[in-house]
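To start, the structure under review is shown below, and the notes come after it.
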Amino acid sequence: MTVDDTLEIFRRVLETPDVTPDSDFFDLGGDSLLGTRVLSAVARATGVELSFDDFLLAATPGALAKRVAETVAPA
Amino acid sequence: MRVLIVGAGLAGLTAARRLADAGVEATVLEARDRVGGRTRGIEVAPGAWVDAGAAYLGDRHTELNALIAELDLKTCPTGMVGASRFELGAGETGAAESSTAQNSGAEPGGVGAKPGGVQTGAAETRPGRFPPLNAVALGELFDLLADLTAKVHPEAPWLTPDAAELDATTVAQWVYRNLRHPDARRFFPLFLGEMMAADPADISVLHMAFYLRSGGGLRYLNAFEGGAQQDRVDGGAHQLCERLAADLDVRRGEVVHRIQATDSGVTVSSTGGEQHADAVIVAIPPVLADAIDVDPALPAPRATSRTAPGCAVKVQLVYPEPIWRDHGLSGWSVNANGPLLSTVDDSPSDGTVGVLTGFVTGAEAHRYAALAPSEQRASAVAQAARLFPFLPDPVGFHLTDWVNEPYSRGCYAALFGPGDWMSLGPGLTEPHGRVHWAGTETSTEFFGLMEGAIRSGHRAATEVLAHAPATPSRRS
């Protein structure tokens with residue numbers, strides 16, 4: 001899952017095009033309910049099931065893509 | 001011109017106010033000995049009031065915010081600072097997830113979840129409002145709800161694609177077919193109870209989708225800050241109706257049972273006698289409106305045997321102060337077992353006392369409402385003590401059973417059961433000659449909320465004024 005993929009998910013769930021790789025999900029008006037929809041989209045695309053706490057620690061498109069990549073192929 | 005209004009809730013009184021402002025002689029007939037309908041205030045300490053009925057609002061509730069300002073009232077924010085408590089009978093997944101979670105530092109009371117040691121039925125503490133359940137499963141649930149919500153026709157739900165099928169299906173059937181994960185199945189009824197005071201078996205999928213859309217969507221309806229629960233009316237929402245009624249002709253204790261309409265006017269029969277007017281606005285919930293004998297007969301009923309009361313019992317536990325705040329807790333909890341399926345800090349803004357409001361919704365509301373008062377009190381107090389072990393015995397206990405309230409017949413709003421939208425929807429706002437309809441259930445915008453009630457009142461008043469006989473003029 002690339003940063004472009006997570007950007008696309010953020011834009012769809014938050015219903016705004018104004019998302020950059022460093023945008024914080026919660027600063028853009030996201031809340032826990034919408035956050036779960038990011039996680040279900042990640043799970044559908046990659047099979048990786050992250051917890052809500054994982055998401056709190058990786059709440060930007062850049063950090064989330066990295067977190068998913070680490071889970072798929074642990075360093 | 002003279003207009004009678006049946007019901008002195010927000011819908012009826014805002015309609016009456018608008019008519020009176022236009023120079024119409026408006027008389028409001030109210031069955032109870034009080035005004036307010038589904039808003040009601042309880043004085044929990046001298047000068048300190050809480051909402052036993054409708055309570056919350058947000059920025060999108062523009063008519064309500066305007067009315068608050070017009071009546072010289074203020075709003076105050078709904079407090080939601082601190083950690084939440086969850087008593088979800090933690091399933092495997094919940095326990096596994098919480099065992100890896102970092103507990104928030106805000107738990108001086110030591111009531112936090114013990115890592116790896118979540119027992120069935122034990123309450124646990126989590127930062128924020130997110131429950132200790134599988135996030136992906138909840139995300140899939142919200143995806144499904146968002147898809148349904150986006151699909152529904154906002155002004156005419158019966159014109160939604162596949163409307164008949166969506167309306168023939170109960171939400172309970174939809175859950176059975178669509179929700180696989182146990183955490184989604186555990187969480188969903190609680191979510192629906194909070195949002196709509198509905199049991200999944202009572203409502204159609206179309207009604208759920210419509211309701212969520214009408215209230216501004218899932219996120220808006222669910223949110224406190226930035227959402228539909230952001231603010232309260234400082235001092236209680238009941239003041240809205242009391243202040244509106246102060247300048248109006250409101251007759252209390254008049255139960256309307258018959259409306260006769262002719263070409264020249266209407267005659268409304270109530271326990272107080274007969275009244276004549278040019279038009280009538282019926283501003284009461286659909287099940288009660290349907291019980292009025294209207295002559296000539298209505299082309300379609302106002303409610304059916306499937307139209308259910310909103311299932312809400314509201315419990316208020318009063319403490320000397322909001323002690324949970326000292327323990328880093330917001331007062332918010334979500335619980336799989338009743339009676340209190342959720343709790344929220346409803347302490348008056350003046351700081352006089354701490355009030356924990358408990359919501360008993362859905363099927364649990366019916367069970368709880370049938371208990372003896374002593375059992376109701378004991379079980380609510382015991383649950384509050386499990387959730388917040390540092391709490392002393394409450395100094396006050398108030399219970400408001402909206403399910404069995406004869407002149408509301410449910411709260412937050414009527415629940416449209418299978419088939420209801422297809423049969424009732426098209427006639428919901430359609431005047432029957434000189435008989436007009438108001439009430440939050442006749443507003444497709446913010447249906448079931450105070451905002452919907454006000455919008456319906458304004459719509460009905462505008463209709464009546466548009467049909468008003470022209471002021472005598474000498475133009476000819």
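Just so it is clear, the model here is predicted, and its values are computed rather than measured. Letters A, B, ... are given to chains in the order of the sequence lines, protein chains preceding strands, and every chain is numbered from 1.
Contacts of B:F224 with chain A are absent, with no heavy-atom separation under 4.5 Å from either backbone or side chain. Heavy atoms closer than 4.5 Å to chain B are found in both the backbone and the side chain of A:L33.
Closest non-hydrogen pair, B:A135 versus A:S51, comes out as CB-C, 4.3 Å. Across all non-hydrogen atoms, the minimal contact from A:S40 to B:V136 is CB-O, 3.8 Å.
Contacts classified as side-chain hydrogen bond (donor to acceptor under 3.5 Å, both in side chains) and involving residues 205-224 of chain B (residues at least two apart or in different chains) are given here: B:H207-B:W421. Among pairs with a residue in residues 14-28 of chain A, those fulfilling side-chain hydrogen bond (donor to acceptor under 3.5 Å, both in side chains) read A:T20-A:S23, at least two apart in sequence or across chains.
Atoms CG and CG, on A:L39 and B:L138 in that order, are 10.0 Å from each other to the nearest 0.5 Å. Taking CZ from A:R37 and CG from B:L145, the interatomic distance works out to 9.0 Å, rounded to the nearest 0.5 Å.
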Please report the C-alpha distance between B:N134 and A:E49 in whole Å, then the side-chain angles of each, then the deciding distance to 0.1 Å, and finally whether the side chain to side chain contact (heavy atoms under 4.5 Å, CB included) criterion is met. CA-CA 9 Å; B:N134 184 288; A:E49 296 206 359; 3.7 Å; yes

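Other residues, nucleotides and ligands place no more than 12 heavy atoms under 6.0 Å from the OH atom of B:Y176.
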